[in-house]
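Chain naming here is simple, since letters A, B, ... match the order of the sequence lines and numbering starts at 1 in each.
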Number of protein chains: 2
Amino acid sequence: MRRMTARPANAHQARLLKLLRDGGPNSRAQLGDQVDLSRSKLAVEVDRLLETGLVVADGLAASRGGRRSHNVRLNPGLRFLGVDIGATSVDVAVTNAELETLGHLNQPLDVREGPVAVFEQVLSMAAKLRATGLAEGFDGAGIGVPGPVRFPEGVPVAPPIMPGWDGFPVREALSQELGCPVMVDNDVNLMAMGEQHAGVARTVADFLCVKIGTGIGCGIVVGGHVYRGTTGSAGDIGHIQAVPDGRPCACGNRGCLEAYFSGAALARDALEAAQQGLSVELAARLATNGGLTAVDVAAAAAAGDATSLEMIREGGNRVGQVIAGLVSFFNPGLVVIGGGVTGLGHTLLAAIRTQVYRQSLPLATGNLPIVLGELGPTAGVIGAARLISDHLFSPA
Amino acid sequence: MRRMTARPANAHQARLLKLLRDGGPNSRAQLGDQVDLSRSKLAVEVDRLLETGLVVADGLAASRGGRRSHNVRLNPGLRFLGVDIGATSVDVAVTNAELETLGHLNQPLDVREGPVAVFEQVLSMAAKLRATGLAEGFDGAGIGVPGPVRFPEGVPVAPPIMPGWDGFPVREALSQELGCPVMVDNDVNLMAMGEQHAGVARTVADFLCVKIGTGIGCGIVVGGHVYRGTTGSAGDIGHIQAVPDGRPCACGNRGCLEAYFSGAALARDALEAAQQGLSVELAARLATNGGLTAVDVAAAAAAGDATSLEMIREGGNRVGQVIAGLVSFFNPGLVVIGGGVTGLGHTLLAAIRTQVYRQSLPLATGNLPIVLGELGPTAGVIGAARLISDHLFSPA
DNA sequence: TCAACTTTCTCCACTCACAGGACAAAGAGC
DNA sequence: GCTCTTTGTCCTGTGAGTGGAGAAAGTTGA
């Protein structure tokens, strides 16, 4: 099919598109209940959307005691590409306009190889998905990168773990390669948007989404919108000081949170424990695999390894301390924990909860759920699709 | 005069009122340059505002090379009451509709005496100001209280330092007593709004306003609007843990920031230093006054007392550490330091700056000013007036 | 099977918001 | 005095939006 070119002509149409995206097929009457427009005006706008091809007729709905309604839905041929670039792996997914994942690929990757190599891989993954017949082309793409982004331009700025990416025009370059509009954001923000769209944060206006993977970051949602800060680095909590004069960190400071708990720190601690003979379980895994990652710690903990459990507990306490401070400051309605280390599961969550509930003010924690993300690795790509759809479903 | 009853009928009128409030007298032409409306439409809305009496004609302006323009301005008879209730003192001020302070009173007060006693005092101060001829009545009042507030209802919730205030219907009670609309907010938020309106934060969209007085709080401004959090306790940073397993705090935890640096903590440390003979300067002041407060420490430091300087430096370091974390998290465009202890001046600011610039990420601190508030004790009352004017200058 | 009621959707007339041009008023500059 | 500029008003045309009438397509119960 020819790719989507139309954009909503006004705020009403944008609103309707988002309702159809989030609520699926709907009749004019149902839409009318949600938008505070007269039925005549609503019909006009729906007709115009039908003309653009963004929206198509979708048959008759069951009767609700009277004439059956004519449903409309977003064009089922629309395709969005969601890309979530992590430090050590990349997720690429294809969604329809309702942001349902139609296909999903994950591959290992080293982000330090630079944007050219990475995008070559991403484009080949996208081509592979297209080859399965899921899409003939893309109407838009959302890209998440593991570092701060100057959002309006879609350019990474001073990313600590992504040498070679600083200032690379990700948005422009990919837009040219893919031949469709592209939006770029921090991977943590996309995870927050994903959980907001289809996960645990569907009904919350103000929440925090803490992603613990190779590094640690925090998505901040204020009034339903992602807050990115003055220079796009909001939520960069990995280098908040967790321990005064503590361990040296790669950033040059001491006692940073990331130096104590993150995928990388956990792997290092596990190696140390295995080599010092503190954990039989970890030593065995080291001998088998020739190396250790957070996954090994999770497995060892699941098998009851005391050293691993203690590592998780201590790390959770550190993270929990920092989150406790953020909860006092931000007073969110929900805290979501996600990222690679969520495999550590309940042990981690319990440690975090303990610290937060103990240290933050009762008024801030009184009715505060602290939960694991619901979407796992798909949160990022769904968030990416949501990012570009929010853009395309807004007046030009 | 009869009190203001009209409200703007639509968003255009609201916009115009705020432009006149923030920019003073203006001609139709000047207003037209700022609102993106046709001249005819603009003239209609201005005429309607003139009819309501909210706006009045203000003579002819000087020519700019052609026909002289007819200025309009907000009704100069409008009066707002700004009240800033602190833990140990209260500020009450009268402003005009352009939020210029026409009269200002400050009195000591103990907020623990409860709302009834406090409001008796506030009302008598307001009456005193009225008696000077500054106002015949008030068109609206903004009230700041030193604790969290359920903003929509204007009711304090679980305020730690204000026993007896929990759930007291401040807004409703004062509205009845004063016979005008009332809005209630946290004192720290009002300080932020004051500095935003007339102080150092005039041009910044996202900033933090740290108020260090009897306690410590932080106003959070996102996209020009105060962020209050899910339960109204956002910015309550006084009980963030600054030192793991540190000093016991009144809240029951240990190592809270407030236990290390605040008006109260400083007074206690100063007393200790004086009694232990660590500071001749402080001991002399103790003998003279029979007690010590943060003001004494400031004076002693100004006189070169090493102990006092060191106390300020150490406290500043603690506060700076916490702010550093918040800067990494929030990535503000400005940090304002205000409250009673700003008398400690440059020593304090230097300590805070050192910590923040050392510990936060370069991307977040690269272009981050950290400055003292410009308005001092008037920030709160101006913010209060701004709060109620924002409310009244919005469509009903 | 038919009448009465519901729900959905379309059509049409009317109102109101708003833009933009013509024009008048008032001044500056030469 | 003449021209140019700025300000403000008046008027008309256009498009957005409302709300009612009524047609279309159902359900339900007698």
Side-chain angles (χ1 to χ4, degrees), chain A residues 6-20 23-52 54-74 393-396, chain B residues 6-20 23-52 54-74 393-396:
Chain A
R7 291 277 289 274
N10 57 43
H12 295 315
Q13 293 184 15
R15 182 83 204 286
L16 292 171
L17 290 173
K18 285 174 187 168
L19 284 173
L20 290 171
N26 254 298
S27 68
R28 287 167 179 76
Q30 283 173 306
L31 290 171
D33 293 342
Q34 302 173 70
V35 295
D36 195 43
L37 277 180
S38 67
R39 278 191 306 207
S40 31
K41 176 62 178 166
L42 184 117
V44 169
E45 297 298 349
V46 170
D47 286 345
R48 287 183 190 164
L49 285 173
L50 286 165
E51 274 173 38
T52 66
L54 286 173
V55 162
V56 299
D58 191 44
L60 291 167
S63 167
R64 296 196 300 177
R67 174 175 170 177
R68 293 166 65 191
S69 54
H70 295 256
N71 274 352
V72 292
R73 60 174 298 185
L74 290 175
F393 291 169
S394 297
Chain B
R7 293 276 287 275
N10 57 42
H12 296 316
Q13 292 184 15
R15 181 83 204 286
L16 292 172
L17 289 174
K18 285 173 186 168
L19 284 173
L20 290 172
N26 254 297
S27 68
R28 286 166 180 76
Q30 283 173 305
L31 291 171
D33 293 341
Q34 303 173 70
V35 295
D36 195 42
L37 278 179
S38 67
R39 279 188 310 195
S40 36
K41 176 62 177 165
L42 185 117
V44 169
E45 296 299 350
V46 170
D47 286 345
R48 288 184 189 161
L49 285 173
L50 286 165
E51 275 173 36
T52 66
L54 286 173
V55 162
V56 298
D58 191 44
L60 291 167
S63 166
R64 297 197 300 176
R67 175 175 168 178
R68 295 167 65 190
S69 55
H70 296 254
N71 273 352
V72 294
R73 61 174 299 185
L74 290 175
F393 291 168
S394 298

Legend entry - Atom-pair distance (CD on Glu45(B); P on dT9(D)), nearest Å: 14 Å
Inset, instruction - Examine the base of dT7(D) for any acceptor or donor lying under 3.5 Å from a partner atom in the side chain of Arg67(B), and report the outcome as yes or no. - result: yes
Legend entry - Nucleic acid contacts - residues 26-41 of chain A versus DNA chain C, non-hydrogen atoms under 4.0 Å: Arg28(A), Ala29(A), Arg39(A), Ser40(A)
Which side-chain N or O atoms in residues 32-39 of chain B pair as donor and acceptor under 3.5 Å with protein atoms at least two apart or in another chain?
| from | atom 1 | to | atom 2 | distance (Å) |
| --- | --- | --- | --- | --- |
| Gln34(B) | NE2 | Gln30(B) | O | 3.2 |
| Ser38(B) | OG | Ser40(B) | OG | 3.2 |
| Ser38(B) | OG | Lys41(B) | N | 3.2 |

Inset, instruction - Taking only the side-chain heavy atoms of Arg68(B) (C-beta and beyond), determine which of dG27(C), dA16(D), dA17(C) contains the nearest atom. - result: dG27(C)
Inset, instruction - Could you tell me the separation between the CG atom of Leu20(B) and the CG atom of Leu49(B), rounded to the nearest 0.5 Å? - result: 8.0 Å
Inset, instruction - Map Leu42(A) and Gly65(B) onto DNA chain D by nearest heavy atom, then report which one ends up closer to the 5' terminus. - result: Gly65(B)
Legend entry - Nearest listed nucleotide, side chain of Ala43(A), among dT6(D), dT10(C), dG27(C): dT10(C)
Inset, instruction - Using modelled atom types only, decide if a donor and an acceptor are shared between the side chain of Arg7(A) and the backbone of Ser394(A) within a distance under 3.5 Å. - result: yes
Legend entry - Reported CG-to-CG distance for the pair Asn71(B) and Asn26(B), which is rounded to 0.5 angstrom: 7.0 Å
Legend entry - His12(A) vs Asn71(B), nearer the 5' end of DNA chain D by closest nucleotide: Asn71(B)
Inset, instruction - Using a 4.5 Å cut-off on heavy atoms from C-beta on, say whether the side chain of Val44(A) contacts that of Arg48(A). - result: yes
Legend entry - Arg64(B) vs Ser69(A), nearer the 5' end of DNA chain C by closest nucleotide: Ser69(A)
Inset, instruction - Sorted by first residue and then second, give each side-chain hydrogen bond (donor to acceptor under 3.5 Å, both in side chains) pair with at least one member in residues 55-70 of chain A; sequence neighbours left out. - result: none
Legend entry - Value in whole Å for how far the C1' atom of dT7(C) lies from CG of Leu60(A): 13 Å
